[in-house]
Amino acid sequence: QVQLVESGGGLVQAGGSLRLSCAASGRTFSRYTMGWFRQAPGKEREFVAAITWSGGSRYYGDPVVGRFTISRDNAKNTVDLQMNSLKVEDTAVYYCAADRAPTAYGSSKGYDYWGQGTQVTVSS
């Protein structure tokens, strides 16, 4: 069982940066692949980024490539999402997700555990 709590969301102007953090409970955090997804009003949940248990592999959704960076600290049970060059279209609720072996890194259906989300709003 893993419990996830996101933090770091807020309001930022276009072109600015935010850093989201996800704190996980459980002693087996290091065995989980971690992901970030986002959902804007009226839209489906969208893959943002994922990182394997060791941090050796990272995956990104096309809209965020080159702007967002996912990282993790297994000693602290945290996974972060550094978001740079933010755009208005990045506005969404951002969710942290975890799974031992996701069937597909980029699919929300592949993750068993979810946080409650944190709002990111990018103004023009």
Side-chain angles (χ1 to χ4, degrees):
Q1 190 79 10
V2 176
Q3 292 185 328
L4 306 172
V5 179
E6 302 95 336
S7 62
L11 174 65
V12 64
Q13 285 192 327
S17 298
L18 277 177
R19 188 176 184 90
L20 304 184
S21 186
C22 175
S25 66
R27 291 173 289 182
T28 59
F29 171 78
S30 62
R31 300 179 186 177
Y32 285 79
T33 290
M34 302 298 297
W36 284 97
F37 288 78
R38 66 187 184 186
Q39 190 165 18
K43 295 188 177 181
E44 293 187 354
R45 195 162 293 191
E46 177 185 37
F47 171 68
V48 176
I51 186 167
T52 52
W53 67 272
S54 66
S57 294
R58 309 180 191 196
Y59 306 89
Y60 295 95
D62 287 343
V64 308
V65 170
R67 300 188 297 123
F68 291 11
T69 302
I70 189 171
S71 60
R72 69 187 295 160
D73 186 334
N74 287 341
K76 296 181 179 179
N77 282 15
T78 58
V79 58
D80 290 349
L81 184 69
Q82 177 65 43
M83 306 186 296
N84 298 328
S85 302
L86 282 161
K87 303 176 181 180
V88 172
E89 50 264 43
D90 293 320
T91 296
V93 176
Y94 283 70
Y95 296 91
C96 177
D99 199 273
R100 286 209 177 193
T103 52
Y105 294 114
S107 172
S108 61
K109 296 179 181 178
Y111 294 81
D112 283 340
Y113 302 103
W114 292 85
Q116 293 195 337
T118 185
Q119 176 71 46
V120 172
T121 302
V122 184
S123 64
S124 59

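Considering all non-hydrogen atoms of both residues, S123 and L11 come closest at CB-CD1, 4.2 Å. Listed here is the closest heavy atom pair of T91 and V122: OG1-N, 2.9 Å. Smallest separation of non-hydrogen atoms from S124 and A14: CA-CB, 4.5 Å. A pairwise comparison of heavy atoms in A92 and A40 identifies CB-N, 3.8 Å as the closest pair. Heavy atoms only, all atoms of each residue included: L4 and A24 are closest at CD2-CB, 3.6 Å. What you find for S25 and V2 is that their closest heavy atoms are O-CG1, 3.8 Å.
In this structure, L81 is not a member of the same hydrophobic cluster as F37, with clusters built from ILVMFWY side-chain heavy atoms closer than 4.5 Å. In the hydrophobic cluster analysis, where Ile, Leu, Val, Met, Phe, Trp and Tyr join through side-chain heavy atoms closer than 4.5 angstrom, M34 is grouped together with F68. The same ILVMFWY cluster, assembled from side-chain heavy atoms under 4.5 Å apart, contains both Y94 and V64. Y113 is not connected to Y95 by any chain of hydrophobic side-chain contacts under 4.5 Å among Ile, Leu, Val, Met, Phe, Trp and Tyr, and they are in different clusters. Linking ILVMFWY side-chain heavy atoms closer than 4.5 Å, directly or via other members, places V93 and L18 in two distinct hydrophobic clusters.
At distances below 3.5 Å, at least one donor-acceptor pair connects side-chain atoms of E6 with backbone N or O atoms of C96.
Side-chain atoms of M83 and W36, non-hydrogen and from C-beta on, never get closer than 4.5 Å to each other. Side-chain contact between K109 and T103: absent, with no pair of heavy atoms (C-beta onward) separated by less than 4.5 Å. Looking at heavy atoms from C-beta onward, R100 lies in side-chain contact with T28 at the 4.5 angstrom threshold.
Around the CD atom of E89, the shell of radius 6.0 Å holds more than 12 heavy atoms that belong to other residues, nucleotides or ligands. More than 12 heavy atoms of other shown residues, nucleotides or ligands fall within 6.0 angstrom of atom CD in Q119.
N84 pairs by the side-chain hydrogen bond (donor to acceptor under 3.5 Å, both in side chains) definition with S17, Q82, not counting sequence neighbours. Listed by chain and residue number, nothing satisfies the side-chain hydrogen bond (donor to acceptor under 3.5 Å, both in side chains) test with Y111 (two or more places apart in sequence, or in another chain). Qualifying salt bridge (charged side-chain N to carboxylate O under 4.0 Å, His left out) partners for R38, counting only residues two or more places apart in sequence or in other chains: E46, D90. Partners of D80 according to the side-chain hydrogen bond (donor to acceptor under 3.5 Å, both in side chains) rule, which considers only residues two or more places apart in sequence or in another chain, are R19, S21. In this view, Y105 and Y59 satisfy the ring-ring contact (aromatic ring centres under 6.0 Å, His included) rule, not counting sequence neighbours.
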Stepwise, does the side-chain contact (heavy atoms from CB on, under 4.5 Å) test hold for D99 with T33? CA-CA 5 Å; D99 199 273; T33 290; 5.6 Å; no
Might you work through the side-chain contact (heavy atoms from CB on, under 4.5 Å) test for Y60 and R67, ending with a clear yes or no? CA-CA 10 Å; Y60 295 95; R67 300 188 297 123; over 6 Å; no
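The CG atom of L20 sits 12.5 Å away from atom OG1 of T78, with the distance rounded to the nearest 0.5 Å. Here CG of D73 is found 11.0 Å from OG of S30. Values are rounded to the nearest 0.5 Å.
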Kindly list each side-chain donor-acceptor pair under 3.5 angstrom involving residues 47-54, sequence neighbours excluded, with atom names and distances?
residue, atom, partner, partner atom, Å
T52, OG1, S57, N, 3.1
T52, OG1, S57, O, 3.3
S54, OG, G56, N, 3.1

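A cation-pi contact, defined as under 6.0 Å to the ring centre and within 45° of the axis, links R72 to F29.
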